[in-house]
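Inspection log for the structure reproduced underneath, given as structure tokens.
Reckoned from all heavy atoms, side chains included, excluding hydrogens, waters and symmetry mates.
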Amino acid sequence: MEYIDVAVIGGGQSGLAAAHALLGRGLRPVVLEAAGRGAGAWPRYCDSLTPFSPARCSSLPGMPFPGADGDRYPHRDEVVAYLTAYADRLDADIRTAQRVTSVRRAGSACEVVLEGGGRLRARAVIAASGTFGRPHRPALPGLAEFTGQVLHAAEYRSPVPFTGRRPAVVGAGNSAVQIAAELAGTARVMLATRGPVQCAAQRILGRDLHFWTARTGLDTTPLGRLLRRPPRQPVLDDGRYRTALAAGRPDRRPPFTGTDGAELIWPDGQRQEVDAVVLATGYRADLPYLTDLGGALDADGSPRHRERLATEVPGLAFVGLEWQRNLSSNSLRGVGRDTERIARRVATRLVCR
């Protein structure tokens, strides 16, 4: 049995920021990443993905995002390279290909069980595994009987496999609209939403929207404690999505209410044959390893916490979840603030024991 200060589960942006903050408090974290490389979910995102915030607003603590143009929106691969370099610069014990299968109470500590049978005894645990590993797949009417392809946005990489086909995208958020607009360049695509797509200008008075959310304090206001579920956020748009929607590329439709083979069916009797349905329906907290830790999760698998600290499991903390504390909690620009608070409280608890 190996004994450690803090186990950080997840080696993406949240786990790396947590390790940085813990090191600053004199603790020696062990970061456990399930994948064979660091950078979290970023290597698995779609090929065209960019952060919503510009480079100058997309840094973790202690290392600015590289490049002379701070107003550009970095490509996915740039973010992967940045996170890889950030991990290399950390004087932290980062272990890849180490999937955590469960966390259990062990007296005043926690026992962390790894795939393959390895075990660590940790004085504290920080769950930083995010949400990408748990795509939300709602039970849409008739979808189980649909004979075409069904995939989640988490599985979407590029429009190439859909060239000349007829896909339908379900959802009204940023991912749904971005994927649908990209597909419209090579396919006849439909976007199924409950109502009109709500867009917000990416730039206001010559500045990126995130400049204004930081300047007004919206980025850091602790509204998360007041929200029972994350609010729907508008699609950030530089004009291209409004233009595409107005041109019917993608063709926005209300949600379908049934299927017949490869056809989608609407209440008014309309039918449309499609080749694939892409569910851009979001994610949920990916914390299966905590199911054996009584009181850590609620019935839906969401963490029971107050401002990142578990309410019923001493020594357990969460980081990197949507609206966990504020608007920016699960972003490159904001996770560092959350992890600094967590590290301070974890360090205080361990010193007092």
Side-chain angles (χ1 to χ4, degrees), residues 6-35 37-45 49-96 126-133 208-211 213-214 218-220 222 224 286 307-308 317-347:
V6 185
V8 178
I9 304 175
Q13 62 193 35
S14 301
L16 295 176
H20 178 276
L22 291 165
L23 289 167
R25 296 281 168 177
L27 298 172
R28 302 300 303 175
V30 173
V31 180
L32 303 168
E33 167 57 42
R37 60 185 296 191
W42 278 95
R44 294 175 283 158
Y45 289 150
L49 185 74
T50 63
F52 296 130
S53 55
R56 72 173 73 253
C57 301
S58 299
S59 301
L60 295 180
M63 182 176 164
F65 204 96
D69 182 7
D71 288 326
R72 81 186 193 286
Y73 298 92
H75 184 267
R76 175 203 62 188
D77 294 343
E78 291 182 81
V79 178
V80 172
Y82 169 78
L83 292 174
T84 301
Y86 190 91
D88 290 342
R89 285 180 53 171
L90 277 179
D91 182 23
D93 185 352
I94 301 174
R95 306 179 188 181
T96 57
I126 296 179
S129 48
T131 61
F132 188 78
D208 179 84
L209 178 65
H210 296 92
F211 169 85
T213 58
L218 181 58
D219 247 11
T220 56
D286 185 26
E307 294 205 6
R308 304 164 305 278
F318 304 92
V319 67
L321 301 177
E322 187 179 13
W323 279 100
Q324 189 169 342
R325 176 176 167 81
N326 52 48
L327 172 64
S328 60
S329 282
N330 67 334
S331 69
L332 282 165
R333 71 184 188 279
V335 70
R337 288 188 291 266
D338 278 16
T339 54
E340 179 55 38
R341 289 173 177 268
I342 290 171
R344 182 172 65 247
R345 298 179 73 172
V346 168

Quick one, Q13 and W42 - any side-chain contact, counting heavy atoms below 4.5 Å?
yes
Backbone of L218 reached by a side-chain donor or acceptor of T213 within 3.5 Å:
no
Could you go step by step and tell me if V335 and N330 meet the side-chain contact (heavy atoms from CB on, under 4.5 Å) rule?
CA-CA 6 Å; V335 70; N330 67 334; over 6 Å; no
Test of understanding: with side chain to side chain donor-acceptor pair (under 3.5 Å), list the residues that count as partners of D77, not counting sequence neighbours.
none
Check whether any side-chain heavy atom of V80 sits under 4.5 Å from a side-chain heavy atom of R37, and report yes or no.
yes
Enumerate, atom names and distances included, each donor-acceptor pair closer than 3.5 Å involving a side-chain atom of residues 17-32, sequence neighbours excluded.
unit_1, atom_1, unit_2, atom_2, d
R25, NE, E340, OE2, 3.4
R25, NH2, E340, OE2, 2.7
R28, NH2, D91, O, 3.2

All side-chain contact (heavy atoms from CB on, under 4.5 Å) counterparts of F211, not counting sequence neighbours
R207, R215
Can any side-chain N or O of R72 pair as donor or acceptor with the backbone N or O of A55 at less than 3.5 Å?
no
Sequence neighbours excluded, the answer for side chain to side chain donor-acceptor pair (under 3.5 Å) partners of E322 is none
Look at atom CZ of R44 and say whether more than 12 heavy atoms of other residues, nucleotides or ligands are closer to it than 6.0 Å.
yes
Do E78 side-chain atoms and P74 backbone N/O form a donor-acceptor pair below 3.5 Å?
no
Please check if the number of heavy atoms outside R89 that lie under 6.0 Å from its CZ is greater than 12.
no
Determine whether Y86 and P61 make a side-chain contact, defined as any pair of heavy atoms from C-beta on separated by less than 4.5 Å.
yes
Which residue pairs pass the salt bridge (Lys or Arg N to Asp or Glu O under 4.0 Å) test when at least one of the two sits in residues 53-62, sequence neighbours left out?
R56-D71
Under the 3.5 angstrom rule, does the side chain of E33 hit a backbone N or O of T96 as a donor-acceptor pair?
no
Which pairs count as ring-ring contact (aromatic ring centres under 6.0 Å, His included) when at least one residue sits in residues 59-85, sequence neighbours excluded?
F65-Y82
Under the side chain to side chain donor-acceptor pair (under 3.5 Å) criterion, do D286 and S129 qualify, and how do the steps go?
CA-CA 6 Å; D286 185 26; S129 48; 5.1 Å; no
Is the backbone N or O of F318 less than 3.5 Å from a side-chain atom of Q324, with the two atoms forming a donor-acceptor pair by type?
yes
